[in-house]
Q: 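Structure incoming, see below.
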Amino acid sequence: MALFITDECINCAICAAECPNNAIFSGAEHYEIDPDRCTACAGFFAKPQCQEVCPVDCILPIPPRSPD
């Protein structure tokens with residue numbers, strides 16, 4: 001399960017330092033998460049650390065795709 005950062009991001013950068021996979025980076029408008037690198041901290045922590053430290057709760061799971 002990968003996560004993504006919504007437009008509510010305030011660019012505080014707290015999340016980037018917490019990611020054990022270095023999946024979080026500064027994007028054009030706000031921080032972003034590389035879904036190919038994000039594991040939601042599986043194998044490292046019980047909960048995604050970026051979500052734990054985000055002051056505005058703008059990090060969410062990527063919604064599943066609907067079958068076409």
Side-chain angles (χ1 to χ4, degrees):
M1 169 188 76
L3 305 171
F4 77 101
I5 298 175
T6 68
D7 292 340
E8 285 79 31
C9 176
I10 59 172
N11 290 307
C12 68
I14 294 172
C15 60
E18 297 299 320
C19 182
N21 296 308
N22 296 314
I24 302 174
F25 60 95
S26 181
E29 296 183 24
H30 56 75
Y31 276 80
E32 298 180 25
I33 299 176
D34 179 346
D36 293 328
R37 297 184 80 168
C38 178
T39 64
C41 291
F44 294 98
F45 301 100
K47 296 180 180 180
Q49 296 302 288
C50 59
Q51 285 183 318
E52 293 290 303
V53 300
C54 181
V56 293
D57 297 325
C58 68
I59 303 173
L60 305 172
I62 294 176
R65 291 185 176 188
S66 61
D68 293 334

Q: With rounding to the nearest 0.5 Å, note down the distance linking CZ in Phe44 to OG1 in Thr39.
A: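 Going from the CZ atom of Phe44 to the OG1 atom of Thr39 covers 6.0 Å.
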Q: Measure from the side-chain N and O atoms of Glu18 to the backbone N and O of Cys50, and report whether any donor-acceptor pair falls under 3.5 Å.
A: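 No, Glu18 side chain to Cys50 backbone: no donor-acceptor pair under 3.5 Å.
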Q: Would you call Ile62 and Met1 a side-chain contact if the rule is heavy atoms closer than 4.5 Å?
A: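 Not in contact.
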Q: Taking the side chain from Asp34 and the backbone from Asp36, do they hold a donor-acceptor pair closer than 3.5 Å?
A: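 Yes; judged by distance alone, with no hydrogens or angles, the pair exists.
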Q: Flag the pair Ile5 / Ile24 as yes when at least one side-chain heavy-atom distance between them is below 4.5 Å, and no otherwise.
A: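 Heavy-atom side-chain distance check passes, below 4.5 Å.
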Q: Work out which heavy atom in Cys15 is nearest to a heavy atom in Ile59; give both atom names and the distance.
A: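 Result for this residue pair: CB-CD1, 4.0 Å.
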Q: Measure the spacing between OH of Tyr31 and SG of Cys58 and express it to the nearest 0.5 Å.
A: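 Result: 12.0 Å between the selected atoms.
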Q: State which residue, out of His30, Glu29, Glu32, fulfils the side chain to side chain contact (heavy atoms under 4.5 Å, CB included) condition with Cys9.
A: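 The side chain to side chain contact (heavy atoms under 4.5 Å, CB included) with Cys9 is passed solely by His30 among His30, Glu29, Glu32.
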Q: Please name all residues satisfying side chain to side chain donor-acceptor pair (under 3.5 Å) with Glu8, sequence neighbours left out, ordered by chain then number.
A: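 Glu8 satisfies side chain to side chain donor-acceptor pair (under 3.5 Å) with Thr6 only.
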Q: For a quick test of reading the model, state the closest non-hydrogen atom pair linking Pro20 to Cys41 and the distance between them.
A: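 Here Pro20 and Cys41 meet closest at CD-SG, 3.7 Å.
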Q: Could you tell me the separation between the CZ atom of Arg37 and the CZ atom of Phe25, rounded to the nearest 0.5 Å?
A: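 One gets 10.0 Å once the value is rounded to the nearest 0.5 Å.
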